[in-house]
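Below: the structure, in structure tokens.
All values reported here derive from a predicted model rather than from experimental measurement. Throughout, protein chains are lettered first and strands after them, A, B, ... in sequence-line order, and every chain is numbered starting at 1.
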Amino acid sequence: MRNLDKARGNPPDIDLSDLNPAQREAVCSVDGPLLVLAGAGTGKTRVITCRVAWLIAQGVEPANILALTFTNKAAREMKERIAGMVAPQVAEQVLACTFHSFGARLLRRHISRLGYTESFDIADEYYCQDLIKMILGELSLRGKEGVSPERYKHEVSRAKNRLLNPADIDEKTTSWPLAFAEVYSRYLERMKAMNMVDFDDLLVLVVHLWRDFPSLLEACRKQYKYLLVDEYQDTNHTQFVMTSMLAGSRANLCVVGDDDQSIYGWRGAAVGNILDFQNHFPGARAIRLEQNYRSTTTILEAANHVIANNGKRHVKALWSQQGEGDKITVVRAENESKEAEFIADLIRERLAVRGGSLRDFAVLYRSNHLSRPLEQAMKQADLRYYLIGGRSFYQRKDILDALSFLQLVWNRFDDQSLLRVLNVPPRGIGGKAVERLLELRKLSGRPLQELLVEDEFVNTLSSAAGAAVRELADCIERYRRRFGQPGGMAEKIRAYLADIGYLDGLMRLYRDRKEAANRRENVLELINSAADYEERSGSASDLGGFLETFALRDQNDRVENASATDSGVGLMTVHAAKGLEFPVVIVAGMEADLFPHHNSLKEGGMEEERRLFYVAATRAREELYLTHTVKRRVQGTPRIQRPSLFLREIPVRHSIETDPENAFQAASSEEAADYMRKLKEMFSVEP
DNA sequence: CCTAATTGACTTTTT
DNA sequence: GTCAATTAGG
């Protein structure tokens, strides 16, 4: 092995003495492509950050380093940790960001070469779905057998990530949905006309850019000579192409990941990327990190045993020195509310026995809707909690409407947002009027915002509606000018939403005063986050930038009750828990059809579900509880539930089975004594 | 022609 | 319990 420090003859300034030999090797191997297979809890983040710091200590320009991650959180964490190892001004020059924001950054500078303008908007999922609905309507496909907007959206994404054009779609030989090529091509056309890009475009368009303009690729290669990719097992085909284009034959490429934790196959992640890394990049080295610093051997052995049932994988032998620890407790509850109550009781009990704080606990589940009973039980038991993801803030109707109003101002070509809020609050513009508007667009090819004020359209409306429409268009125009001036963005947003009648409209729209107040509260929250953004980005803040950070927010940024993050119990899906760890983890809903989920049992889905369970189990440091119910209400009707298949895959010697009534007796007598002592102490305080 | 109230259907995971 | 599509009034 040829190390940079040997080549240059100077010793590293970074202290690597805390690292184990495999970790040290992963940090210092710089002679060609490198694959670091980092099992759960083996210090992956540490290795990446050390590698970056070490490269810098070897004299590498920090600005030549690019670290790509999947979540904003991971990127943020990496930046912070690098800043802790080298001078903050130096760390700042390293580019650590998500694939998507890297794409956005590049496109903001060069997208005009592809026929968009640099002020393009990023469409979120719901926006895309609305558009697809509309296209399906135009083609009279709605309501037909097997036609759902979700399905088409998913397939559009799949096609894009395989870098396919509508012309490449062969509906006969492969299982594309009805008239998919036509829907796909209309979708692309419409998005481009509106100067909008979707999430996939942020990657796909970069590939197009690099393909069509080699000089741009060359410039990027020159800039980013040292590449790191985190969570490589989650890369999709486009991301693989991006990575290999950028790496070329000269760059220093290091990817880190764990095939056993690949849980985004449904989103197009190709596990093959990590399994075949050494074929894709000849001469690549692979280093395995197998010492786990997180979990007890009981938890680790159980997880290893379950995951061993999967066929295609890099075999790893994780081990740990954390001691045997407690057995895994499997608890059978009567129904979902009993399950949730038990979990709340359990958290109280464990807190009393072990001490520590509520943030040491996390409750994980397979799908979002399982959070409801848990939330209720937490409230009932008066336990602080925070909820990650789910149907929270971001996808609320009121927030989406407010954002649409903002997008209108920012992007005059944005027809879709206009259609969304045209009649919010009701202005007298119904289906017929919209139909006419769309007819006019078809004839003239002009953006809806322009057509809106044409006599040709307004004269067909009642005089009241006509006036309302002119008022609306005026307001947009007025604020477009105001937002063009720098400063005071949050306040402008507030004034705009008030002037356009949205804030008051909410009160009329929702008769229930409590709900109306709630919705208003949400919108004010949005304005607050605009103020936050403004504060952070200083004079450079503009509406476009704010909309972008909002669009690129990921699940982990969508925390409800954020103030509880430091002091409450975490409630989240297993997906959202990836990369996190907790002393005590409780996985709820360990039932057949739920986990593994019945929708994913075909084509390799089972193995991904098993990996998902593996991720869940390996989040736990000390204690792991798995709960399931006998009876659960599914879509309103009660159903008899069977325990999850995965429960049977845990070796019996590592677990004990019990129910809520006996769970606490099952704890070791030593602990019970300890608990009693503490209880007595608590009561003895009283006179 | 638009709006409000009632019905009916659907809920895996997310950058 | 939540949302969109359908239908009765205004």
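- A:Y264 has its OH atom 6 Å from the C1' atom of B:dT14, to the nearest Å.
- Among B:dT14, B:dT12, C:dT2, the nucleotide with an atom closest to any side-chain atom of A:N599 is B:dT12.
- Side chain of A:N273 to main chain of A:T235: a donor-acceptor pair is present (N/O by atom type, distance under 3.5 Å, no hydrogens or angles).
- For A:E125 and B:dT12, the CD to C1' distance is 12 Å, given to the nearest whole Å.
- Of the N and O atoms on the side chains of A:Y614 and A:Q261, not one donor lies less than 3.5 Å from an acceptor on the other residue.
- Residue A:H100 contributes atom NE2, which lies 14 Å from atom P of B:dT14 at whole-angstrom precision.
- A donor atom on one side chain and an acceptor atom on the other are found under 3.5 Å apart for A:E609 and A:S600.
- Residues of residues 417-428 of chain A having a heavy atom closer than 4.0 Å to DNA chain B, listed by number: A:N423, A:P426, A:R427, A:G428.
- When rounded to the nearest whole Å, the span between CG of A:D198 and P of B:dT15 equals 15 Å.
- For A:Y224 and A:F102, the distance between ring centers is under 6.0 angstrom.
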Kindly express the pairing pattern of DNA chain C in dot-bracket notation, using | wherever a base pairs with another strand and counting only Watson-Crick or G-U pairs under 3.5 Å.
.|||||||||

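- Below 30°, between 30° and 60°, or above 60°: for A:F99 and A:F70 the angle between ring planes is between 30° and 60°, a tilted geometry.
- The nearest heavy atom of DNA chain B to A:I429 and to A:H597 marks one nucleotide each, and the one closer to the 5' end goes with A:I429.
- When rounded to the nearest whole Å, the span between CG of A:L461 and P of B:dT3 equals 11 Å.
- Side-chain atoms of A:W266 stay outside donor-acceptor range of the base of B:dT12, with no qualifying N/O pair under 3.5 Å.
- Side-chain contact, A:D198 with A:Y187: a donor N or O sits under 3.5 Å from an acceptor N or O.
- Checking A:D414 against A:Q407 by side-chain atom types alone, a donor-acceptor pair falls below 3.5 Å.
- Closest of all the heavy-atom pairs between A:A333 and A:K338 is CB-C, 4.2 Å.
- Between A:F613 and A:F595, the two ring planes are perpendicular [angle over 60°; tilted spans 30° to 60°].
- Of the possible donor and acceptor atoms, none in the side chain of A:W266 sits under 3.5 Å from a partner among the backbone N and O of A:G605.
- Mapped onto DNA chain B by nearest heavy atom, A:T69 and A:G431 fall at different nucleotides, with A:G431 at the one closer to the 5' end.
- The aromatic ring of A:H575 is not stacked on the base of B:dT13, since the criterion of ring centres less than 5.5 Å apart with planes inclined by under 30° is not met.
- At the phosphate of B:dT15, neither OP1 nor OP2 sits under 4.0 Å from any side-chain N or O atom of A:N236.
- Here A:T573 does not reach the OP1 or OP2 of B:dT12: none of its side-chain N or O atoms lies under 4.0 Å away.
- Separation of atoms OG (A:S404) and CD (A:Q416) is listed at 9.0 Å; rounding is to 0.5 Å.
- Between the P atom of B:dA9 and the CD atom of A:E150 lies a distance of 15 Å, rounded to the nearest Å.
- The residue A:A433 sits close only to the backbone: its heavy atoms come under 4.0 Å of sugar-phosphate atoms, none of a base.
- The CD atom of A:E435 sits 10 Å away from the P atom of B:dC2 (whole-angstrom rounding).
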Anything under 3.5 Å between a protein N or O and an N or O of nucleotides 4-10 of chain C, put it in a table, one pair a line.
| unit_1 | atom_1 | unit_2 | atom_2 | d |
| --- | --- | --- | --- | --- |
| C:dA4 | OP2 | A:K397 | NZ | 3.1 |
| C:dA5 | OP1 | A:R142 | NH1 | 3.4 |
| C:dA5 | OP1 | A:R142 | NH2 | 2.7 |

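- A side-chain donor from one of A:E649 and A:N309 sits under 3.5 Å from a side-chain acceptor of the other.
- For A:K432, the listed nucleotide lying nearest its side chain is B:dC1; candidates were B:dC1, B:dT12, B:dT15.
- Distance, A:N72 CG to B:dT15 C1': 8 Å, rounded to whole Å.
- Set against B:dT12, B:dC1, B:dT13, the side chain of A:R436 has B:dC1 as its closest nucleotide.
- There is no side-chain donor-acceptor pair under 3.5 Å between A:T629 and A:E336.
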